[in-house]
Amino acid sequence: QVQLLESGGGLVQAGGSLRLSCAASGGIFSSYAMAWFRQAPGKEREFVAGVNWIGDRSDYADSVKGRFAILRDNAKKTVSLQMNSLKPEDTAVYYCAAAFSRIGVPRTRDAYVSWGQGTQATVSS
C-alpha cells in the first residue's frame, strides 16, 4: 500500500486560506484515487474532496464546493488541498487518503486503503 504524509496545517482567521499537501511513497501513486477527509472532535470523519487517478475529475462536499480545490501531481506523487474563504466550521484534522480505483472518486471511508496521520487546521472567528 502507498504511505501518505500530510503537511501544511495551521491556524488562520476566518476568511483566510491554507494549503495542505500530501506526499506519497511506497506504492504506484497513479493507480489510486486520492481524497481529503476531515474529522472534528466528537464528529465522524467526513469526505471533503477527491480526485480520480488521472486527475481530470474531482468531487467536493457541498460544504466546501467553490472554496476548496484539490490537485494531484502524479509525477511528484503529491496531492494538495487549497482551502480558501475558511470558516470556523472547517476546523478539523485533515487526512489524506488513497483508494484503489481507476474509474471514479469514492466518498465512503471504507473505500480508502491508505491513510495519512492527519494535519490540524484551525480557523478562528
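Excluded from the calculations below are hydrogen atoms, water molecules and symmetry mates; all remaining heavy atoms, backbone and side chain alike, are included.
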Search all heavy atoms of A111 against all heavy atoms of A99 and return the closest pair with its distance. O-CB, 3.3 Å

What pair of heavy atoms forms the shortest contact from G104 to A33, and how long is it? O-CB, 3.5 Å

L18 versus A121, closest heavy-atom pair with distance: CD1-CB, 3.8 Å

May I ask you to establish whether R109 and F37 are in a cation-pi arrangement, using a distance under 6.0 Å from NZ or CZ to the six-membered ring centre and at most 45° from the ring axis? no

Please work out which of the three classes, parallel, tilted or perpendicular, describes the rings of F100 and Y32, given edges at 30° and 60°. perpendicular

Tell me, do Q120 and T91 make a side-chain contact under 4.5 Å, heavy atoms counted? yes

Please examine the side chains of W115 and C96, heavy atoms only from C-beta on, and report whether any two atoms are closer than 4.5 Å. no

Does I28 form a side-chain contact (heavy atoms from CB on, under 4.5 Å) with W53? I'd like the steps, not just the answer. CA-CA 10 Å; I28 305 174; W53 72 285; over 6 Å; no

For residues A24 and V2, report the shortest heavy-atom separation together with the two atoms involved. CB-CG2, 3.5 Å

T78 OG1 to D73 CG distance, which is reported to the nearest 0.5 Å: 4.5 Å

Linking I/L/V/M/F/W/Y whenever any side-chain heavy atoms sit under 4.5 Å apart, do V113 and V48 land together? yes

Show the nearest heavy-atom pair for residues Q82 and S17, with the distance to one decimal. NE2-CB, 3.9 Å

Looking at S30, is its backbone amide N or carbonyl O close enough to the side chain of N74 to form a donor-acceptor pair, meaning the two atoms are under 3.5 Å apart? no

Go through it in stages, so that I can follow the logic: the residues are V64 and R38, the test is side-chain contact (heavy atoms from CB on, under 4.5 Å), and I'd like the CA-CA distance, side-chain angles, deciding distance and then a yes or no. CA-CA 12 Å; V64 307; R38 67 186 181 188; 3.9 Å; yes

Do we get R67 above Y60's six-membered ring, with its NZ or CZ under 6.0 Å from the centre and within 45° of the axis? no

To the closest 0.5 Å, what do you measure between SG (C22) and OH (Y94)? 15.0 Å

Please check if L86 and I70 belong to a single hydrophobic cluster, counting links between Ile, Leu, Val, Met, Phe, Trp and Tyr side chain heavy atoms closer than 4.5 Å. yes

Which heavy atom in E6 sits nearest to a heavy atom in W36, and how many Å separate them? CG-CZ3, 3.7 Å

When you check the gap from the basic side-chain N to the acidic O, do D90 and K87 get nearer than 4.0 Å? no

Would you say M34 and L4 make side-chain contact, with heavy atoms under 4.5 Å? yes

Do V105 and L71 belong to the same hydrophobic cluster, where Ile, Leu, Val, Met, Phe, Trp and Tyr are linked whenever their side-chain heavy atoms lie under 4.5 Å apart, directly or via other members? no

How long is the gap from CZ on R19 to CE on M83, to the nearest 0.5 Å? 11.0 Å

Give a yes or no on whether Y95 and V51 share a hydrophobic cluster (residues Ile, Leu, Val, Met, Phe, Trp, Tyr; joining criterion: side-chain heavy atoms under 4.5 Å apart). no

Just how far is it from atom CZ of R107 to atom OH of Y112, taken to the nearest 0.5 Å? 9.5 Å

